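Predicted model only: the values in this text are computed from it and were never measured. Remember, it's 1-based here, ligands and their atoms both numbered in the order they're listed.
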Amino acid sequence: MFIDSHAHLFFKDYHNDLDEVIKRAQDNGVNYIICPGTDLPTSKQSIELAEKYEMVYACVGFHPHDAKKCEGKYLEEIERLSNHPKVVAIGEIGLDYHYNFSSPEKQREIFNQQIDIAVRRNLPIVIHSREAEDDVIKIVEQKIKENPDWKKHLKKEYDRYPTPRGVFHCFPGDSSMAWRLIRMGFYISLTGPVTYGNKPNKPNSMIEVAAKVSPEHLLLETDSPYLTPAPYRGKRNEPAYVRFIAEKIAELQGLSAEDIGRASSFGVHKLFGIGKYPEPTIAYKIRNSLYLNITIRCNADCVFCDRKGEAIVKGHNLSITKEPSVDEVIRAIGDPTQHDEIVFCGFGEPTIRLDVVKEVAKWAKEHGGKVRLNTDGHGNIINHRNIVPELVGIVDAISISLNTTDPEQYGEMMQIDGKIFFQAMVDFAKECVKNKFDVVMTIVDLDEVDELKASAFVEKEIGVKLRNRPYF
Ligand code: SF4
Ligand SMILES: [Zn+2]
């Protein structure tokens, strides 16, 4: 369920009990551990550990602290080691101006040369940055510009997001820096300090990032043996504790630790090639709700929608090639009372299959479930009649995507006739309120959408509340 994407298992802290450390990790749901080197000997040790333990993978590289030790043919040796089948990245590399154990010039020289190795070997990088973010970003940006094909061979499914090229380990910045890096193809990795809480005069930026950046872009790591999360802060860290980090992020995002683990494991798969691509699914769990993916067809084509891309939500693959029958959906649900809600929602508009929605919803209600429909609000146009009364008694709640209050912007965002469909969506929402459904309107958190205006519109015009869905 979890992947510890950064643990230095070669340190002497583990010399006496590494077998037990690995066993405890497995017992706590850790599937894989990535062990980054910090210089030449530890890079070799990381590979030895990867050879010994199936679940361990290695990275090779010189940490900025050790840049001064990197001389002669050492980098050639790193490049040679990077050919090992269990080496998944060059790392950890970067800049650390806090300690300056190596001079900043030497650090930059070695960082640059190691990114060149990653580019030649088509590998991602694991970045350590401390009080050096401006320089790190400048160097990485330049390298991407010079080498646009770095890691471009990845599966076509990954095209919507920028090519994943690395991870900022133990992320030191705030959410706006995180989004900037995500746009450059980087993952943000969070570690023990996310569990430490805010200091009186100094907010903990990792908490802010953990609350705002969606788990699709986050990796989990312990940075063992350092940075031990609460409740074991002060003791030796180990990969089994990665779940405390997942639990904290889950709490901040209103998700489950399992959701965070699944979504971030998919990130590890994309970045490092570890683990499996998830199989397509028709029923998928997020928090304690069960979502039904009954179609991938839609009457709209939203610019922010990943329906035609990889169609992955919190690590669930929604890219079905065949639409499921009523029986298949019911079988996939199992016992509806085991979930807080049964939600019709996927990368597609459920009212395109209104008959399936109605039959499954009726069955779920009869078997004690609560039912929600997530829709773009165009069901009446799609079905050429007012469908709202048909949902009474079989659906409890309806979430409708408002997207924006400006019909022109609505049309541009959804790539449809804004005037006709915006009005249809508003009328649909009013009809749902009239029929006493529990209605929520949603918008995607995009800079170009005025949230305050949307909120006021929804309360005044429709008489319900607005909910914001994160985009990044
Ligand atoms: S309405 Fe929903 S499913 Fe359809 S394109 Fe937009 S976001 Fe995707
Ligand atoms: Zn490290």
Give me the nearest non-hydrogen protein atom to [atom] as residue plus atom name, then the distance to 0.1 Å.
atom	result
atom 3 (S) of ligand 1	G348 N, 3.5 Å
atom 8 (Fe) of ligand 1	C305 SG, 2.4 Å
atom 6 (Fe) of ligand 1	C302 SG, 2.3 Å

Distance under 4.0 Å to a non-hydrogen atom of A300: what atoms of ligand 1 satisfy this?
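By the 4.0 Å cutoff, the relevant atoms are 5 (S).
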Within the 6.0 Å centroid threshold, strictly below: F111 and F62
no
Carefully, step by step, assess Y99 and H65 under the rule ring pair (Phe, Tyr, Trp, His ring centres under 6.0 Å).
CA-CA 8 Å; Y99 289 111; H65 289 339; 5.6 Å; yes
The single option from I400, T405, L402, V426 passing side-chain contact (heavy atoms from CB on, under 4.5 Å) against V458
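Looking at I400, T405, L402, V426, the match for V458 under the side-chain contact (heavy atoms from CB on, under 4.5 Å) is L402.
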So if I apply the side-chain contact (heavy atoms from CB on, under 4.5 Å) rule between E328 and each of V356, I294, V360, I282, which one comes out positive?
I282
Under 2.8 Å from atom 4 (Fe) of ligand 1, can any N, O or S atom of C298 be found?
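Short answer: yes, at least one N, O or S atom is under the cut-off.
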So does K86 have more than 12 non-hydrogen atoms from other groups sitting under 6.0 Å from NZ?
yes
